[in-house]
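Step one of this worksheet: look at the structure below.
Counting starts at 1 for both ligands and their atoms, in listed order. Position 1 is the first residue of the sequence, and the numbers go up from there.
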Amino acid sequence: MTIYLDNHATTRTDPAVIAAMTMMMESHYANPGSTTHEAGRAVSGMVDESIGKIASLLHAQRDEIVITSGATESNNLALFGVALHPKQKRRRIVSLVTEHRALLDPLDRLEKQGFEIVRLPVLSNTSALAGGVDLQRIQEAIDENTALVSIMLANNEIGTIQPVAEIAKRCRHFNVVLHTDASQAVGRLPIDVDALGVDLLSFSAHKFYGPKGIGGLYVRQSPTAVRLQPQILGGGQQWNLRSGTLNSVGIVGMAKALEIAHAEIDSEGVRQSHLRNRLWELLNERIDGLTLNGPAWEEWGLAVPNRLPNNLNICFPKVEGQSLMLELPELAVSSGSACTSAEPHPSHVLLAIGLSNDQARSSLRFGIGRFNTESEISMTADWIGRVHAKLASFAA
Ligand SMILES: Cc1ncc(COP(=O)(O)O)c(C=O)c1O
């Protein structure tokens with residue numbers, strides 16, 4: 001039996017999403033670009049309706065959504081698309097040290113191509129807003145030479161929700177394009193692109209119980225359209241912004257997934273935050289000296305939230321996260337070390353909020369999801385409590 005608490009990495013595909021996608025594969029397999037026949041026109045209509053649904057759930061227009069293969073591609077399109085547009089004269093890009101690699105790696109490439117990249121630090125773990133941007137610093141970093149600001153909406157490791165709407169005000173003052181990687185937020189928090197004031201927003205279906213390999217980029221069209229240089233050339237689909245046959249099966253699945261997530265966004269926020277808080281309490285009853293990585297949380301729903309309702313990240317005393325995971329193969333969580341190579345590096349996010357290498361290596365990330373139950377949370381706390389006591393006794 002597996003207890004799956006790694007819902008930031010990905011989520012289980014919802015059965016209703018699988019049913020919608022199966023129906024597409026079995027019965028509506030024509031190319032949505034084949035509008036010369038009825039079968040193609042039918043799929044084209046379904047794709048259009050699905051993208052329209054996604055747009056309206058984000059408070060966007062149908063023609064503001066570009067379908068991609070996921071948030072990595074969306075981030076690449078946003079960054080390279082803005083920076084490398086032939087009319088782009090500005091040379092500075094402002095972002096955060098705690099962004100996902102799908103953003104940091106394109107920034108490294110742009111730096112090699114001559115752009116000035118400002119990677120701002122975040123508030124330390126001693127702050128109630130750990131991982132949050134310092135608004136003063138961001139204000140100072142944005143100027144008339146800034147092409148783009150890219151700040152994630154919610155962090156995938158410590159759940160920090162950034163004040164994107166505040167940042168947008170400063171961007172507007174200098175006519176700077178604002179991108180947000182909302183991979184962890186879409187489907188978990190209500191999203192209104194106008195209220196956020198963003199020009200570009202990345203999302204990915206597998207983070208909200210949809211299929212892998214499909215996502216999108218919101219691209220503002222009004223009052224001013226964001227100018228993007230396409231990164232994938234070919235058949236000219238999607239207004240030439242992203243060529244390639246539309247993934248009709250994935251699009252229908254993604255729309256279904258977002259519809260379900262939105263129907264229960266409030267109730268799941270409350271339920272998952274309750275489970276998260278309960279896990280924290282139960283672990284504290286079993287283990288002395290735990291520390292919370294990331295922002296302190298409010299009672300969910302009462303205040304402007306500063307942490308994803310389903311995120312918990314804990315530093316364990318004396319024991320490495322990897323060792324706990326090795327002893328608990330039935331528990332799917334993730335360690336503070338991002339295994340991007342054979343050599344596990346401590347998480348750059350945990351180091352950025354001031355943890356030492358050892359503290360980062362002794363941390364675990366828990367991501368609660370739609371399918372988790374109260375009894376799984378109790379069982380997880382029991383398992384970890386027992387294994388931690390055993391490993392800590394060896395370390396003593
Ligand atoms: C914040 C963030 N950005 C980007 C990605 C990449 O998303 P995808 O797997 O859809 O390319 C992820 C997923 O790991 C993420 O959590």
Going by salt bridge (charged side-chain N to carboxylate O under 4.0 Å, His left out), name the pairs with one or both residues in residues 69-82, residues two or more places apart or in two chains.
Glu73-Arg242

Do the rings of His388 and Phe316 sit parallel, tilted or perpendicular, given the 30° and 60° boundaries?
tilted

Salt-bridge present (Arg92, Glu116; N to O < 4.0 Å)
yes

What's the spacing between Leu324 CG and Leu331 CG if we round to 0.5 Å?
9.5 Å

Mind checking what residues have non-hydrogen atoms under 4.0 angstrom from ligand 1?
Gly70, Ala71, Thr72, His100, Met152, Asn156, Asp181, Ser183, Gln184, Ser204, His206, Lys207

salt_bridge(Arg271, Glu264) N-O dist < 4.0 Å:
no

Out of His8, Glu157, His100, which one pairs with Gln184 under the side chain to side chain donor-acceptor pair (under 3.5 Å) rule?
His8

